[in-house]
Structure formats: structure tokens, C-alpha cells
Enquirer: 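The structure that follows is given in the form of C-alpha cells.
Letters go in sequence order (proteins before strands), and every chain restarts at 1. Note: hydrogens, waters and symmetry copies are ignored here, and every other heavy atom, side chains too, is used.
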Protein chains: 2
Amino acid sequence: MKLETLTIGDNQDVQSSIISRIRDLINYKNLEPGDKLPSERMLSDKFEVSRSNVREAIQKLEFYGLLKSIPQSGTFVANIGVIAMNGMIDDILRLDKPDFKSLVETRILLELKSVRLAALRRTEEDLIHMKQTLDAYSEKVRNNEDAVQEDLLFHLAIAKASGNSTMNTFMLTITPEIITNFEKYHVCDDNQAQLGIIEHEDIYEAIKLKNPKLAKEKMKIHFKALYQYCYSI
Amino acid sequence: MKLETLTIGDNQDVQSSIISRIRDLINYKNLEPGDKLPSERMLSDKFEVSRSNVREAIQKLEFYGLLKSIPQSGTFVANIGVIAMNGMIDDILRLDKPDFKSLVETRILLELKSVRLAALRRTEEDLIHMKQTLDAYSEKVRNNEDAVQEDLLFHLAIAKASGNSTMNTFMLTITPEIITNFEKYHVCDDNQAQLGIIEHEDIYEAIKLKNPKLAKEKMKIHFKALYQYCYSI
DNA sequence: CGCTGTTGTTTGGTAAACCAATTTGTAGAA
DNA sequence: TTCTACAAATTGGTTTACCAAACAACAGCG
């Protein structure tokens, strides 16, 4: 397990290294938008890494719109200025490991908005889905089992009901990290879980009533402990 | 170009198909947390696709914390209930193509929060960086050049100054999509760009003054046109 | 009968080979 | 000299082959 995370870390480091060296290359050669980068084979020779690594790095930069690969032709600098390029690459390199505090802060922001939208836009299907996750959570808590995942699932159901696919995506993205870190730091304890049932039901009822203001208030109450955690460190 | 997007679409479809078939397999075989999936080779035979495709699909599910690959051992179902598994996979399958409206809605939410945080937390370095992007934007607009990317860069600088790495990540994630769609739909026209200079400077000054309330107000003004676009369709 | 050392198989991970499309260089004709 | 036709090299993408580690089965010893 330890070794595994180490190798993963190494791989990430290799990829980050390649990205920064591509950035240096673009700067050194004064490549402008539309210019062609050296081929993947040449880059892998130059950087002394495998072509797979180079490809992964390029694909990552392509995802953020900085490069554009064209089959049987080459990889090109996107239509973006040199300052922009450098800034975004620096950001990309830095943002690999989000700290838990910013994760929680962002989660609170997303949830307070999505619960409002859910109260405005929820369908009957959404209600049914939320009720299912609510019951699953309650059952786990009553059996004194760990219910972190069922907890998150209720919140994901809200995000889905918000009708905003981007927020839904973001919630899904941070959920695994949240689960991992919660279990690591043991943020929630048992009596909080008992309280959580009531708070979840309150949120559910507010959404059912299509009352966005009430829903947001109940969510704020639910996040009270999280707030304290977030702004105490 | 047309063909290229088609093949990309096909690849995405293949991957989505594999993900849903993996879900079906887990349901059909009643696999529980910790159980082992068939090997990648068996899955690629069974699904009649290449092992690369299977690997990509598994890696995607691994990213969302639903599966766990262990080298020289196998791929295992993560510690998550069957309801959670199905729900999250359905979400993942659905959220591949975020609509532009939800993208803009989420961007407004993130920016209104991050501009507040930036006003509270910005360092002198952040100010310098923001000023650079501000000047780059102004220069492009004065030369009557397209300045969508420089516009976004100013906003990314604010996100960086917010000191929240997760929001920074999210802004980076949606920025390419925003750029693409803005250029496609021509949301901004020229006089708006002229206005944008003043509005950007107002936001910058508010952050410089460390006035979060003012900063948020100025950002709201800047987003007025976006608001209308977002809630008019 | 039970434990242990060994060997063969299976696994995810990785590098190399292959492919089709594109570009580039060149030779020849007008 | 210039344009065109053709071939050879280059490219990103894909498939295949290989690897070391982990696991399972079994033979041999106590």
C-alpha cells in the first residue's frame, strides 16, 4: 500500500516535470499560438521518459485547452498568449493536491447554492431519489454503522435535483476526496450522525415544499459543525 | 475536423458503454465492496473492445472512488454500497456534456464567492499578477483584438488570489469550455469589451482596498450581461 | 495430518511495434 | 521556371507483446 502510493506519486511527479519542461520549451523557443511542438517521440527522447508519459502530459494540457493534438500532423500551441500559457500551466501544476480546508469551503458554497436550486427545480423523480438516499442513511445510522457514504449520497441527490450539471459534476469530483479525508480525520462522530438524520429530514421537507430560503437555512444548520471545522484551522 | 469530433464522440460512447456494462456486471453478480472484478483482459474479451478502452473506463471509475486497481492483483469494488454505486455511475454517465447554461450559472456562483475571498486574503503578489492580466486585457481591447482569453485570465487571477485551491481548480476546469462556447456563440460584442475594462478596474480596486462587499458588488455589475444571458434561455 | 518452500499462472502496468493519414521532398513534364 | 504526380518519411493513435509482482497450487518435509 505504502509502496503503491509512492509509485503513484512518482508518476505524478514525472508528469508534472514533463509539463513544466514543455512550458520551458515553449518559452525558450518563443513558440506562438499555432506553432508546432516537437513530436511525441522527440520529446520522449529529449526528456528521457517514455512516450506514454509524454502523451499523458500533452493530453492533460489539451484538456485545459492549452495544446491541440491533430492526428498524423502534430501537437500545436493553442490560440492563447504566452502570459496566459505560463499562468495556466503554473496553476495546473499547483492545483494537483487540493487541501482539505479549501475542499470543505467549496463544498459548503456549492451545497448552499444547489439546495436553493433544488428547492426551485426539483421534480417528483428527484424527490423519490432523495427519499431513498435519506432512508438508506437513517438505517445505517440506526444500526450504528458507518454512514459517511450514505450521507454524501443524500447530498449528491440534492445536487442532481438542482438541475445544474456542472455543479453536479463538481460535487461528484470532490465527494471521493471528502470521503477519504473524513474517514482519515474522523471529523464526524456518532452523536452527530444521530443529529444528521433530523437535519437531513428538515432539508428534504424544505425542498419538498419548494421553499428555497428554508432549504438554505436548514442546510446552514446542517453545516454548522463543518463551518466550525473549516474556519478553526 | 468533422470526422475527428465524430471519432472522439465514438470513443466517448464506447467508454460510456463499457462503464454501464461494468455497472450491470456488478449488479448481475451481486458484487459487494472489496470483491474482485474480472481481469481487464477478460472484460475486453467479454465486451469485445480493446483493453485500452477497458483500462480508461476503469481509471475513470477509479477517479471517482468507485473502483480500486491494485497492481498484479486485480480491480476491486470500493467500499461503497450498491445503491451508491449505481447512483454515482448514472451521474457520471450523464454529466459528460455539461450544458452551457449550467456552466455560466456555476461560474457566476464561483466568481462571486472567490472575489469576496480574494478581497479578504489577497497578497501583494496576487495584486501584481492581477494587474498584469488587467493590462494585457486592456491592451488587446484597445487594439480591437479578440480579448476573451485575457478576460478569463483576469478572472483566473482572482480565483488564484482567493487562496482556495479547489475553486481555483474548478475555474480552470470550466475556463476552456467557456472560451470555446463564447467564441462559438459570440456572447460578447465590442462595446461590452470597452465596458469590461472599466468594470475590471473597479473589481481590481475593490480587491486592492480589501473591501469584500464592494468587490462582490462590482463583480455583480460585471456579470449583469451574463446574468441576462443565463436566465433568458 | 499440517506447515513450508517452490513453481507456475494470473494480474495490472509499461514499453515497443504497428497503422493509417498527413506532410514533405523530389523528379519529371510542360 | 513552375506545376504536378509520386514516393518516402513523419506524425498521433492503436494494438500487441512483455514485465515484475502477487497469488494459488502443490510437492516435500516434519
Enquirer: Can you list every pair that meets salt bridge (charged side-chain N to carboxylate O under 4.0 Å, His left out) and has a residue in residues 73-84 of chain A, with sequence neighbours left out?
Expert: none
Enquirer: Starting at the 5' end of nucleotides 10-16 of chain D, put B wherever the base has a protein heavy atom under 4.0 Å, S where only the sugar-phosphate does, and a dash everywhere else.
Expert: -BBBBB-
Enquirer: What residues, two or more places apart in sequence or in another chain, satisfy side chain to side chain contact (heavy atoms under 4.5 Å, CB included) together with A:Ala136?
Expert: A:Glu150
Enquirer: Going by salt bridge (charged side-chain N to carboxylate O under 4.0 Å, His left out), name the pairs with one or both residues in residues 78-89 of chain B, residues two or more places apart or in two chains.
Expert: none
Enquirer: Residues two or more places apart in sequence or in another chain: which of them pass ring pair (Phe, Tyr, Trp, His ring centres under 6.0 Å) with B:Phe47?
Expert: none
Enquirer: Is the number of heavy atoms from other residues, nucleotides or ligands within 6.0 Å of CD (B:Glu145) greater than 12?
Expert: yes
Enquirer: Restricting to pairs with a member in residues 25-41 of chain A, which pass salt bridge (charged side-chain N to carboxylate O under 4.0 Å, His left out), not counting sequence neighbours?
Expert: A:Glu40-A:Arg51, A:Glu40-A:Arg55
Enquirer: Once side chain to side chain contact (heavy atoms under 4.5 Å, CB included) is applied, do any residues pair with B:Gln132, and if so which ones, sequence neighbours excluded?
Expert: B:Ile128, B:His129
Enquirer: Sequence neighbours left out, what passes salt bridge (charged side-chain N to carboxylate O under 4.0 Å, His left out) with B:Arg23? Give chain and number order.
Expert: B:Asp90
Enquirer: Counting only heavy atoms and a strict 4.0 angstrom limit, can you tell me which residues of residues 17-25 of chain B come near DNA chain D?
Expert: none
Enquirer: In whole angstrom, what separates A:Asp45's CG from C:dA15's C1'?
Expert: 13 Å
